[in-house]
S.K.: 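Pasting a structure here, questions to come.
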Amino acid sequence: MRIIVCGAGQVGTTIARHLAREGNDVTVIDSSVEQARRADESYDVRGMAGHASHPEVLRQAGAKNADLLIAVTRSDEVNMVACQVAYSLFHVKRRIARLRHHGYLEPIWNGLYASDQLPVDVIISPELEVARGIARRLRTPGAFDMVPLADGRVQLLGIQCEDAACRVAGAPLSDLRQRAAENGFVVVALVREGRAFVPRPEDEVRCGDDVYVIAQPAQVDQVMAAFGHREQVARRLVIVGGGHVGLHLARMLGREALVSLKIIEHSPERAEQVARELGPSVVVLCGDALDRELLEEANIGAAETVIAVTNDDETNIFVSVLAKREGCQRAITLVNKSSYEPMMDTLGIDTVVSPSSITISSILRHVRRGAIAQVYQLRGDFGEVLEAEALAGSRLVSGPLGSIGLPPGMLVGAVLRGGEAIIPDAATRIEPGDDVIAVVSHAALKQAEAVLTVPGREDDRPPPGPPLDPDATDPDAA
């Protein structure tokens with residue numbers, strides 16, 4: 001595919017790198033000459049300096065022959081205009097825009113993005129996606145990550161194997177795999193001493209590992225208990241940061257009964273606005289979250305979870321550390337800089353949320369076409385969770401899973417058949433028409449495609465249609 005990425009920030013360059021690695025022809029546009037040059041020199045892409053919404057710049061970037069435009073500049077308005085110009089002047093087939101301001105995302109304005117108005121096929125809202133991700137983590141205490149897959153029929157859980165209470169520790173994964181249906185889960189990835197990998201059958205879970213598993217929703221409590229986690233859902237919460245993420249999250253949590261919620265916001269004007277929007281059921285405190293007296297006023301020591309989502313990584317990290325030292329049980333921390341992530345465990349931070357990773361996963365989910373779709377980018381950027389249709393004639397349906405020769409770095413975690421989710425073992429046979437959830441390392445992606453596709457045949461199904469109401473399509477929004 002020929003793809004134009006507007007914006008060479010962290011999200012834009014990471015998306016460009018992913019797409020180029022898969023053999024796509026990628027051009028990156030940025031108004032900063034330095035950013036464009038860095039993209040051109042650092043990745044197998046073409047970097048261009050210019051304003052992404054200007055027709056001449058898009059023409060020079062090859063918009064006339066482009067299959068897809070992804071607009072992720074810092075400006076919502078530039079992203080929208082770039083999509084309009086790409087559609088009206090160059091007939092670019094698909095257009096994805098990142099929009100941040102909640103005013104553009106209200107359901108009543110959804111008609112704005114129709115093809116005869118402002119033609120955007122897919123809208124990505126990082127703040128809304130981050131808030132939804134945090135809300136999911138709150139509903140699964142003890143898990144550092146939780147992603148619903150296949151319309152919620154299975155879940156990807158990130159769980160830390162902390163101590164001797166983890167019954168799974170020491171067992172060969174081949175034994176766990178044979179009892180996958182009985183256990184209700186399958187281990188699909190391990191993070192050990194900062195290194196992430198798709199495990200082999202002879203590997204085992206060790207104390208201290210971060211473990212990714214795929215499980216059926218009805219068995220999540222049982223799975224968490226197997227890893228030594230029996231935490232209760234938090235009811236006393238403190239959100240630090242009343243920006244878009246904090247406000248979206250507070251709205252979601254406000255729909256749930258028996259939740260005591262406090263928000264700390266530094267700006268007096270923003271604090272007043274948040275207080276007006278949320279009403280008397282939420283306590284809004286104005287001040288510096290690093291001020292110990294303010295934390296005491298928020299009764300942070302009695303809070304079950306602190307959620308730090310300001311625009312400043314350092315503030316989020318330090319307030320999380322302070323809250324834990326005051327007695328708060330759990331800290332969920334928004335961190336943009338990936339270089340900080342390896343330090344989080346040593347600081348006692350339980351869950352790290354990366355806006356860029358969430359945004360990248362959301363965008364890549366809509367880029368892939370055919371039988372294979374990316375669902376989620378795993379922590380550490382070492383691999384992806386893929387959802388794929390099992391095609392007649394592919395190697396995937398040629399025999400039992402244990403004998404078809406899956407490449408190292410690929411592991412099938414769930415099979416979806418007729419509305420039923422199956423946790424497979426080595427004897428499971430996949431049938432044409434099944435959907436499969438697989439974890440694949442980036443190094444094994446090409447080999448995985450060879451397993452999932454039919455040799456010599458292109459999949460010609462059309463791409464997904466235009467976006468619906470963002471809240472209506474997300475199971476966590478209700």
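Quick caveat, the model's predicted, so the values are computed rather than measured.
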S.K.: Strictly distance-based, threshold 3.5 Å: is any side-chain N or O of R330 a donor or acceptor partner for the main-chain N or O of D350?
M.R.: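 A pair under 3.5 Å: no.
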S.K.: Is any side-chain N of the basic residue among R100 and D76 closer than 4.0 Å to the acidic one's carboxylate O?
M.R.: no
S.K.: When rounded to the nearest 0.5 angstrom, what distance separates CG in L176 from CG in D203?
M.R.: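 Rounded to the nearest 0.5 Å, the CG-CG separation comes out at 11.5 Å.
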S.K.: Looking only at non-hydrogen atoms, find the nearest pair between E204 and A171 and report the distance.
M.R.: CB-O, 3.4 Å
S.K.: If you draw a 6.0 Å radius around CG in D25, do more than 12 non-hydrogen atoms from other residues or ligands fall strictly inside?
M.R.: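 Yes, the 6.0 Å shell around CG holds more than 12 heavy atoms from other groups.
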S.K.: So for atom CG, which belongs to D175, do other residues, nucleotides or ligands contribute more than 12 heavy atoms lying within a distance under 6.0 Å?
M.R.: yes
S.K.: Looking at R417 and D434, does any basic side-chain N land under 4.0 Å from a carboxylate oxygen?
M.R.: yes
S.K.: May I ask you to check whether F185 and Y212 place their ring centers less than 6.0 Å from one another?
M.R.: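 When the ring centroids of F185 and Y212 are compared, they turn out to be at least 6.0 Å apart.
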S.K.: I'd like to know if the side chain of D313 and the backbone of K337 have a donor-acceptor N/O pair within less than 3.5 Å.
M.R.: yes
S.K.: Ignoring hydrogens and angles, tell me if any N or O in the side chain of R395 forms a donor-acceptor pair with the backbone of G405 under 3.5 Å.
M.R.: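 Confirmed, R395 side chain pairs with G405 backbone.
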S.K.: Please report the C-alpha distance between H442 and R21 in whole Å, then the side-chain angles of each, then the deciding distance to 0.1 Å, and finally whether the side chain to side chain contact (heavy atoms under 4.5 Å, CB included) criterion is met.
M.R.: CA-CA 9 Å; H442 289 312; R21 184 163 52 200; 3.6 Å; yes
S.K.: Show the nearest heavy-atom pair for residues L190 and V205, with the distance to one decimal.
M.R.: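 Looking at all heavy atoms of both residues, the closest pair is CD2-CG2, 4.1 Å.
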S.K.: Please determine whether the number of non-hydrogen atoms from other residues, nucleotides or ligands lying under 6.0 Å from atom CD of E193 exceeds 12.
M.R.: no
S.K.: Look at the aromatic rings of H248 and H244 and report parallel, tilted or perpendicular, splitting at 30° and 60°.
M.R.: tilted
S.K.: Tell me if a side-chain donor or acceptor on Q216 pairs with a main-chain N or O of A421 at a distance below 3.5 Å.
M.R.: yes
S.K.: One thing to verify: whether R137 and D145 come together as a salt bridge, which I'm taking to mean a side-chain N less than 4.0 angstrom from a carboxylate O.
M.R.: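 Counted as a salt bridge, because a side-chain N and a carboxylate O are separated by less than 4.0 Å.
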S.K.: Answer yes or no: are there more than 12 heavy-atom neighbours, outside Q232 itself, under 6.0 Å from its atom CD?
M.R.: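 It does not: Q232 CD has 12 such atoms or fewer within range.
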S.K.: Whether D425 and R177 form a salt bridge (side-chain N of Lys/Arg under 4.0 Å from carboxylate O of Asp/Glu) is what I want to check.
M.R.: no
S.K.: Using a 6.0 Å cut-off, check whether atom CZ of R179 has over 12 heavy atoms from anything other than its own residue.
M.R.: yes
S.K.: Of all heavy-atom pairs between A86 and L58, which one has the smallest distance, and what is that distance?
M.R.: N-CD1, 4.2 Å
S.K.: Between D209 and R206 (side chain of the first, backbone of the second, donor and acceptor by atom type, cut-off under 3.5 Å), is there such a pair?
M.R.: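 Yes: the side chain of D209 pairs with the backbone of R206.
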S.K.: Checking S88 against Q84: is there a side-chain donor and acceptor pair closer than 3.5 Å?
M.R.: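 S88 and Q84 do have a side-chain donor-acceptor pair below 3.5 Å.
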S.K.: N316 and T310: side-chain donor and acceptor closer than 3.5 Å?
M.R.: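 Result is yes, a qualifying pair exists.
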S.K.: Give the minimum heavy-atom separation between A16 and V45, together with the two atoms involved.
M.R.: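 Scanning both residues, the minimum pair turns out to be O-CG1, 3.8 Å.
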S.K.: Search all heavy atoms of N79 against all heavy atoms of V72 and return the closest pair with its distance.
M.R.: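 Between these two residues, the closest heavy atoms are OD1-N, 3.6 Å.
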S.K.: Taking R94 for its side chain and D67 for its backbone only, find out whether a donor-acceptor pair lies under 3.5 Å.
M.R.: no
S.K.: So, does Q222 use its side chain to make a donor-acceptor pair with the main chain of N183 at under 3.5 Å?
M.R.: yes
S.K.: Please find the pair of heavy atoms, one from L19 and one from N24, that lie closest to each other, and give the distance.
M.R.: O-ND2, 2.9 Å
